[in-house]
Structure formats: structure tokens, C-alpha cells
Amino acid sequence: MELAYIPSPSSGVLYLGPVPLRGYAFCIIIGVFVAVWLGNKRWIARGGRAGTVADIAVWAVPFGLVGGRLYHVVTDYQLYFSEGRDWVDAFKIWEGGLGIWGAIALGALGAWIGCRRRGIPLPAYADAIAPGIALAQAIGRWGNWFNQELYGRETDLPWAVEITSSADGRMPGTYHPTFLYESLWCIGVALLVIWADRRFELGHGRAFALYVAGYCAGRFWIEYMRVDEAHHILGLRLNNWTALLVFLLAVLYIVLSARKRPGREAVVEPGDGEGPAADAKKTDGDATGKDAPAEEATTGDAPDTEDSGKPGKAEEPGKPDEPDVSAEQEGAEEPEESKDGAGSAKKG
């Protein structure tokens with residue numbers, strides 16, 4: 001007996017007057033905003049400027065969308081280019097179908113272009129944005145709920161998702177909500193990266209590599225539960241092999257990077273940025289630039305006390321200038337010959 005389940009929306013499109021609001025696209029947009037917001041906070045905490053993450057995202061996001069769509073179309077080409085299919089559907093990104101592997105690959109290329117234009121190291125930027133990407137994926141997966149896709153095997157568990165559509169070979173019923181599993185897993189990965197970054201001060205791309213490894217570990221078992229059409233190699237789905245390979249590469253990068261470049265970048269953005277590093281730099285500059293001349297001025301105004309051995313005193317108002325005793329003594333001692341001559345004359 002079915003006690004409860006997650007109902008699917010009757011339609012993946014909401015209309016605001018004549019304007020269609022598609023649930024899949026809406027989730028992607030919200031995810032991007034969350035990723036940029038969190039990435040900006042982490043970037044400023046690392047000593048970068050406010051707004052830099054958004055500026056680079058202008059390059060990364062379009063590249064990522066194109067890369068994600070290309071990966072999906074190439075790996076599931078039969079959905080668009082087989083008999084009875086319309087190849088124009090390959091461009092209908094709002095209907096679903098983004099491969100995270102292609103999105104990260106081409107998104108990284110776009111981020112590299114943006115970082116290079118600003119003289120910023122890509123690994124430092126990737127570390128700052130990594131938890132935000134995981135949260136963006138967690139939000140974006142709910143777009144699959146709107147489209148009634150990415151579900152697993154049949155189940156009568158209370159949290160099963162109800163599929164009501166029969167389009168594209170779907171069978172109405174209750175199934176494992178693999179989109180929900182992946183969403184929750186991505187939230188856990190984001191929290192893991194934030195904790196590990198604070199605990200171990202990850203740098204040089206290791207926080208991003210940890211995100212990749214963590215996501216791949218979850219994607220492997222979640223992908224294994226899915227029942228939608230996919231290519232298989234040696235009994236495993238293509239994305240299972242991709243997750244396994246990328247996981248090993250990410251772990252290898254963490255190990256080698258920690259040995260070659262331990263610690264964290266001291267400077268993440270050139271110039272006078274906003275943040276702790278810039279404030280410290282400005283404070284040091286004020287201290288060295290203003291205190292030194294004051295000391296010089298104090299030293300220069302002090303009278304020469306080399307003969308007396310006592311510190312000079314400033315002139316007090318109302319008192320006449322005292323004669324320089326040392327100068328009179330020097331003046332008195334200079335005409336030694338004349339003194340001797342005068343003294344001889346008197347004696348003679």
C-alpha cells in the first residue's frame with residue numbers, strides 16, 4: 001500500500017501572462033546565482049576583489065552551458081539523430097539534457113579565459129567557486145523533477161517520486177527519486193569542501209579537486225540506480241566509467257599538488273583589492289609612508305648636542321635665546337697666538 005510519495009508537477013512550464021517560465025531553466029538560473037554569490041564571499045575572504053567572481057562567470061557560464069549540452073547530445077545522440085527524431089530538438093536546452101562532465105570541462109575553459117584577462121590564477125578561482133558549483137548542481141537537479149526525468153528503479157518507499165507522463169517511453173508509477181539523491185549528495189559535498197578548506201587551508205586547486213572527487217563518488221552509485229536509456233560498457237553505464245575515471249584523476253591531483261605546492265596562495269588577485277590581504281597591505285603602507293618622515297622631521301629639528309651629551313630642548317615662549325656657550329668657547333680659544341702675545345706684552 002502506497003502511504004506517501006513525491007508528486008510530480010503536471011507541467012514543467014508556468015506562465016506569467018504570455019511569458020513561459022520553464023522549471024528546468026528556472027532551477028539552472030537560481031543555481032548560477034547561488035554559485036556566484038557564495039563564490040564571491042569566499043573570494044573576498046581570500047583577499048580578492050568584490051565582483052571578480054561574477055565577471056569571470058560571464059565567461060564560464062555560457063561555456064559551461066554549451067559544454068553540458070554538447071556532452072549530452074554526443075553521448076545520447078540516438079535521442080536526436082535516430083530515425084523518427086528531429087535533430088532540431090538538440091538545441092532545445094530548456095527541455096532538459098545537460099551533462100555535468102561537459103559543463104565543467106568547457107566551463108573551466110571559459111573561466112580560464114576570464115582569469116587570464118585579469119591576471120588571476122585559475123586554481124585559486126576554482127577553489128573559491130567549488131562549493132557554489134556543488135550547490136548549483138543541487139538546485140539544478142530539481143529541474144529534472146519538473147521534467148519527470150532522471151529517476152531510478154521502481155519502489156514503494158514513502159519518498160518515491162510519482163511519474164505520470166508516458167512520453168519518450170516513460171511508464172507511469174513510483175520510482176527512486178535519483179534526482180533528489182543527487183541533490184542531497186551535492187549539498188553534502190559543498191559542506192565537506194567548506195569544512196576541509198577551513199580545516200586544512202586547501203589551495204592551488206585542491207578544494208576544487210575535492211569537490212570533483214566527492215561528486216564523482218556519489219554520482220557512481222546514483223548513476224547505477226537510474227533506468228533511463230544510456231550506453232553501456234562492460235555492464236556499466238557510460239557515466240559510471242566517466243565518474244570512476246574523473247574520481248581517480250581528482251585524487252591523483254590532490255596528492256601530487258600537495259607534495260609539489262603545499263599551502264595556499266598568498267595573493268589571489270593582483271592590484272589593490274578589497275579584503276584582508278589588501279587591508280593589511282594598505283596598513284603597512286601607511287605605517288612606513290607616514291611614520292618615517294615624522295621621525296626624520298623630529299630628528300632634524302633637534303639641536304646638535306654632541307658636545308654637551310644632553311638632549312636638546314625646544315625653545316620656550318617668553319624666554320630669550322640663550323647664548324651658545326660652546327660657540328663662545330670655540331671663539332675664545334681660536335686666537336691662541338694673540339692671547340699669548342698680549343700676555344707677553346703685559347708681562348714685559
Side-chain angles (χ1 to χ4, degrees), residues 27-28 30-46 48 52-53 56-57 60-61 63-65 67-68 71 98-112 114-115 120-141 179 181-223 239-240 242-258 261-265 268:
C27 290
I28 296 296
I30 294 177
V32 170
F33 274 103
V34 169
V36 171
W37 169 78
L38 181 58
N40 183 65
K41 290 177 65 67
R42 288 172 53 81
W43 185 253
I44 294 175
R46 291 282 301 274
T52 297
V53 170
I56 298 176
V61 172
F63 274 75
L65 292 175
Y71 181 89
L98 286 175
I100 185 61
W101 318 111
I104 293 297
L106 273 192
L109 175 60
W112 176 79
C115 288
I120 293 173
L122 177 61
Y125 179 82
D127 284 341
I129 202 71
I133 295 177
L135 290 180
Q137 289 179 251
I139 298 171
R141 274 307 178 204
F179 72 90
Y181 299 160
E182 187 169 337
S183 179
L184 295 175
W185 184 270
C186 287
I187 293 175
V189 170
L191 296 177
L192 171 65
V193 173
I194 293 174
W195 171 82
D197 194 26
R198 291 177 178 176
R199 175 66 176 80
F200 303 105
E201 294 189 350
L202 303 176
H204 302 286
R206 288 188 288 277
F208 182 81
L210 178 61
Y211 144 71
V212 172
Y215 171 74
C216 289
R219 179 62 183 267
F220 186 88
W221 66 266
I222 294 171
E223 185 74 22
N239 283 330
N240 280 115
T242 305
L244 180 59
L245 176 62
V246 176
F247 172 82
L248 294 175
L249 291 176
V251 172
L252 181 63
Y253 178 85
I254 293 174
V255 174
L256 295 180
S257 176
R261 308 183 71 182
R264 178 183 284 180
E265 299 91 342
V268 296

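Of the residues listed (Tyr71, Tyr215, Phe208), the one engaging Ile104 in a side chain to side chain contact (heavy atoms under 4.5 Å, CB included) is Phe208, and it is the only one.
Residue Leu122 holds its CG atom at 13.5 Å from NE2 of His204, rounded to the nearest 0.5 Å. Remark: Trp43 CH2 to Ile120 CD1 distance equals 4.5 Å, nearest 0.5 Å. The CD1 atom of Ile129 sits 7.5 Å away from the CG atom of Leu38 when rounded to the nearest 0.5 Å. Distance CD/Gln137 to CG/Leu98: 11.0 Å, rounded to 0.5 Å.
With sequence neighbours left out, Glu201 forms a salt bridge (Lys or Arg N to Asp or Glu O under 4.0 Å) with no residue at all. Taking Arg141 as the reference, Glu182 meet the salt bridge (Lys or Arg N to Asp or Glu O under 4.0 Å) condition, with sequence neighbours excluded.
When side chains are defined from C-beta on, Leu202 does not count as touching Asp127, because their heavy atoms never get closer than 4.5 Å. Counting heavy atoms from C-beta on, the side chains of Leu109 and Trp112 come closer than 4.5 Å. Two residues are said to be in side-chain contact when any heavy atoms from C-beta on lie closer than 4.5 Å; Glu223 and Thr242 fail this criterion. Between Cys216 and Trp101 there is a side-chain heavy-atom pair separated by less than 4.5 Å. In this structure, the side chains of Val36 and Val61 stay at 4.5 Å or more apart for every pair of heavy atoms.
Atom CZ of Phe33 is surrounded by 12 or fewer heavy atoms from other residues, nucleotides or ligands within 6.0 Å.
Proximity of a side-chain donor or acceptor of Arg42 to a complementary backbone N or O of Ala128 within less than 3.5 Å is detected. In this structure, the side chain of Arg264 engages the main chain of Asp197 through a donor-acceptor pair within 3.5 Å.
Across all their heavy atoms, Trp185 and Gly214 have their closest contact at NE1-O, 2.8 Å. Here the closest non-hydrogen pair linking Arg206 and Ser257 is NH1-OG, 2.7 Å. Across all non-hydrogen atoms, the minimal contact from Gly205 to Pro123 is N-CB, 3.5 Å. Closest non-hydrogen pair, Val193 versus Ala207, comes out as CG1-O, 3.8 Å. Between Ala138 and Ile187, the shortest heavy-atom distance links the atoms CB-CG1, 3.7 Å. Taking all atoms of both residues into account, the shortest heavy-atom contact from Ala111 to Ile56 is O-CG2, 3.7 Å.
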